[in-house]
Amino acid sequence: MNLIMIILITSTLSLVLTTIAFWLPQLNPDYEKLSPYECGFDPLGTARLPFSIRFFLVAILFLLFDLEIALLLPLPWGDQLSSPILTFTWASAILALLTLGLIYEWMQGGLEWAE
């Protein structure tokens with residue numbers, strides 16, 4: 001009985017708070033809320049400028065090499081396994097693949113900011 005009462009109270013409270021949060025905000029926001037910046041000054045330009053594709057390329061490369069660090073982090077403990085050669089072979093394969101990808105990206109000119 002006690003568990004049913006707790007579930008009923010929490011469900012009712014959640015429903016009441018959700019309803020209040022839905023109906024409480026102002027339905028017609030003013031100019032300041034619709035502006036892209038809310039830090040106390042008028043924006044100088046539009047906030048919808050497109051990013052360069054090079055920015056996204058460098059961001060993806062950063063994430064890729066960050067993932068590489070996460071994959072290779074347990075490598076020092078690999079020598080305590082029953083077959084450490086297999087662990088080091090896989091780690092070398094990951095490093096070789098990422099190095100080849102970096103060389104390819106470099107040769108294609110994806111790492112140059114200025115054209």
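These values consider heavy atoms only, across backbone and side chains, with no hydrogens, waters or symmetry-generated copies. The structure presented is a predicted model; accordingly, all values stated were derived computationally and were not measured.
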Report task. State yes or no: do Phe88 and Leu97 share one hydrophobic cluster built from I, L, V, M, F, W and Y residues joined by side-chain heavy-atom distances below 4.5 Å, directly or via other members? Result -> no

Report task. Examine Leu102 and Ile94 and state if one hydrophobic cluster contains both, with Ile, Leu, Val, Met, Phe, Trp and Tyr joined whenever side-chain heavy atoms are less than 4.5 Å apart. Result -> yes

Query - From Thr19 atom OG1 to Leu15 atom CG, the distance as rounded to the nearest 0.5 Å - result: 4.5 Å

Query raised in the report: What distance separates Ile85 CD1 from Ser92 OG, expressed to the nearest 0.5 Å?
Result: 9.5 Å

Query raised in the report: Among the clusters formed by ILVMFWY side chains lying less than 4.5 Å apart, do Leu61 and Leu67 turn up in the same one?
Result: yes

Requested in this report: Indicate if Leu98 and Trp106 have the same hydrophobic cluster label, given that clusters are the connected sets of ILVMFWY residues with side-chain heavy-atom separations under 4.5 angstrom.
Outcome: yes

Query raised in the report: Just how far is it from atom CD1 of Ile60 to atom CD of Glu105, taken to the nearest 0.5 Å?
Result: 9.0 Å

Query raised in the report: Do the side chains of Leu86 and Ser83 get nearer than 4.5 Å, heavy atoms only?
Result: yes

Query raised in the report: Are more than 12 heavy atoms from other residues, nucleotides or ligands located less than 6.0 Å from atom CD1 of Ile4?
Result: no

Report task. Give, for atom CD1 of Ile69 and atom CG of Leu75, the distance between the pair rounded to the nearest 0.5 Å. Result -> 13.0 Å

Report task. Heavy atoms only: give me the nearest Thr10-Ile7 pair and the separation to one decimal. Result -> OG1-O, 3.0 Å

